[in-house]
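Written out below as structure tokens is the structure these notes cover.
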There are 2 protein chains.
Amino acid sequence: MTKGGTKEALGRAGRSGIDLTAAPAPNPLGTSNPCAACSVRDLSLCGALSEAELSRLEKIVTRLTVEPHAPIIDESEPARYLFNLTGGVVKLYKLLPDGRRQITGFLYEGDFLGIAMNDTYAYSAEAVNQVSLCRFPRSDLEKLLDEFPHLEKRLLGMASNELVQAQDQMVLLGRKTAKEKVCSFLLLLSRRASERGADGSAIHLAMSRADIGDYLGLTTETVSRTFTTLKSNGVIQLREAGVVVLPDLEQLEELAEGT
Amino acid sequence: MTKGGTKEALGRAGRSGIDLTAAPAPNPLGTSNPCAACSVRDLSLCGALSEAELSRLEKIVTRLTVEPHAPIIDESEPARYLFNLTGGVVKLYKLLPDGRRQITGFLYEGDFLGIAMNDTYAYSAEAVNQVSLCRFPRSDLEKLLDEFPHLEKRLLGMASNELVQAQDQMVLLGRKTAKEKVCSFLLLLSRRASERGADGSAIHLAMSRADIGDYLGLTTETVSRTFTTLKSNGVIQLREAGVVVLPDLEQLEELAEGT
DNA sequence: CGGGATCTTGAGGATGCTCAACGCTAGTGG
DNA sequence: CCACTAGCGTTGAGCATCCTCAAGATCCCG
């Protein structure tokens, strides 16, 4: 065996870490239908629905919050629920029998969670920081899909996008060097920030070096070394609390593709 | 730069290589509706449709054959058509600017081709051997999707499956060793053969070592060396014409996951 | 202020890549 | 009919990138 990968037993993840009681509405206005006022509605599945339809959704949703490092779903567990992420960051991952881990994606607000295969989750999901979710029973949501074909269309569109992203990630994992991988990752976060109206030239890394490594197919040490090199070359600046400044996005794009 | 990858200019691919005229029906019986008699119908999108609905599909389909190594679709080209593969093997790939290539999948009969992003293909596709396709204009197929919600549902199911496969491939690319990668690949082909009713203990490699390498994130040489090692360890037998015998599938599964 | 986790840095080594040569097969044309 | 060529697969030698193992630095929270 070789090829890095976190091999710890995924350690302490604070009891269940899931809190149903104190879950606030994503955008707590005084409305009777929090979905209508949801700040991530347009980013997400629910953007396909009218206000009237939203009230149907409202009836089957449970809002909850999850503490950092707490599990959300577990691979091979029956897929009873689907989730919509309304705040925080979630990592999806798969494990090999000996503990090597591959993170297949980081989810942000508006992202959808719960793709299943034969009614069983295809991966595990864990909160990176404090996370807010909308949870739907799968059977109920499927009924809604039958009623609202445009909801199904939206879901198909989201799945297609994920597929395209997955293919980009395969190129990264199979053919890019460590430096190209790290630069691609920084660019991904930058673009994600821009899409959400933030400044793309400074990003926040919510996840650890180990998580980044398991996402890029590298070890923690290689990620750290690559950051150091990029910093001393002036490509990035490392600030406090996981903030990374990207002074030259065009240069970063070139470094991400090896040109 | 480093990290292998075919860098040839994708060379000669015999004119356009696409032949519209001589395209036979997949299963040439004397029926008026070839779709109804299609041998891959159950594997594929069309399995969701009744005979009456099939005749609608029949009206928008064009059958064609493609010669080995000929291009089928080109990344970043407008996505005017979608395809259903009825025979042969197709490879999907993406290129980096310097020519490094990642093959994101091999398609077999029954597989669907043409996922798009913003009306543009997300990858290129090329025939590995002689290929038969059903081609649908995208706009026409989308109209059918609106009419037949169960068709859309089927498509969503197929997309979900692809997503799950893509995640497995990320684990392979990011965390497996060369030997594990090759064994995983052989197992994949074995399972695919079994699903199609063939014997899973002997498979046929339609693609070159270079293609296998670009699929697994390895070089041709490493693929070749790994085959040689597996052969001398008795894990596989190499026969003529790309046939590989897999005497012990359980052993192969262990080798594929490093246990 | 202490202790655990995370991040960084270093030294050494292994896996898989690069470059190169050779064998094999099939197709071509003299 | 057979040399000739082109494409593909195999094998070898050397080496670079990235991993492993280890120790020290930094940060965070109690």
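Here is the naming used below: chain letters follow the sequence lines, and residue numbers restart at 1 for every chain.
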Exercise for review: Could you please name the option among dC19(D), dT9(C), dC7(C) that lies closest to any side-chain atom of L218(A)?
Suggested key: dC19(D)
Check your understanding: Between atom CZ in R225(B) and atom C1' in dA20(C), what is the gap in whole Å?
Key -> 11 Å
Review point. Quick one: F227(A) CZ to dT9(C) C1', roughly how many Å, whole number?
Key: 16 Å
**Study point:** Closest to side chain of T177(B), choosing from dT8(C), dG16(C), dC19(D)
**Key:** dG16(C)
Review point. For the rings on Y215(A) and F185(A), is their centre-to-centre separation under 6.0 Å?
Key: yes
Check your understanding: Atom NZ of K179(A) and atom P of dC18(D): how far apart are they, to the nearest Å?
Key -> 11 Å
**Study point:** Interatomic distance where CD belongs to E180(A) and C1' belongs to dC18(D) [whole Å]
**Key:** 14 Å
Exercise for review: Specify the separation, in whole Å, of atom CZ of R209(B) and atom P of dC8(D).
Suggested key: 12 Å
Exercise for review: Establish, from distance only, whether the side-chain atoms of S184(B) and K176(B) form a donor-acceptor pair under 3.5 Å.
Suggested key: yes
Revision key, fill the gap. Of the listed dC7(C), dC18(D), dT10(D), the closest approach to the A178(A) side chain comes from dC18(D)
Review point. Roughly how many Å is it from CZ in R175(A) to C1' in dG16(C), rounded to a whole number?
Key: 11 Å
Practice item. Would you indicate, yes or no, if dG16(C) has its OP1 or OP2 atom less than 4.0 angstrom from a side-chain nitrogen or oxygen of T219(B)? Key: no
Review point. Among dT8(C), dG9(D), dC17(C), which is the nearest nucleotide to the side chain of S208(B)?
Key: dG9(D)
Practice item. Answer with yes or no whether the side chains of Q237(A) and R239(A) bring together a donor and an acceptor at under 3.5 Å. Key: yes
Practice item. Output yes when at least one side-chain N/O atom of T228(B) is less than 4.0 Å from OP1 or OP2 of dT11(D), else no. Key: yes
Check your understanding: Would one find a side-chain N or O of T222(B) under 4.0 angstrom from OP1 or OP2 of dG16(C)?
Key -> no
Exercise for review: Please name the residue in the list V40(A), L189(A), V128(A) that meets the side-chain contact (heavy atoms from CB on, under 4.5 Å) test with Y108(A).
Suggested key: L189(A)
Review point. With side chains defined as the heavy atoms from C-beta onward, is the minimum distance between C183(B) and L230(B) less than 4.5 Å?
Key: yes
Revision key, fill the gap. In whole angstroms, the gap separating C1' of dA23(D) from CD of E221(A) amounts to 12 Å
Check your understanding: When the distance from CD of E240(B) to P of dC24(C) is rounded to whole Å, what number comes out?
Key -> 17 Å
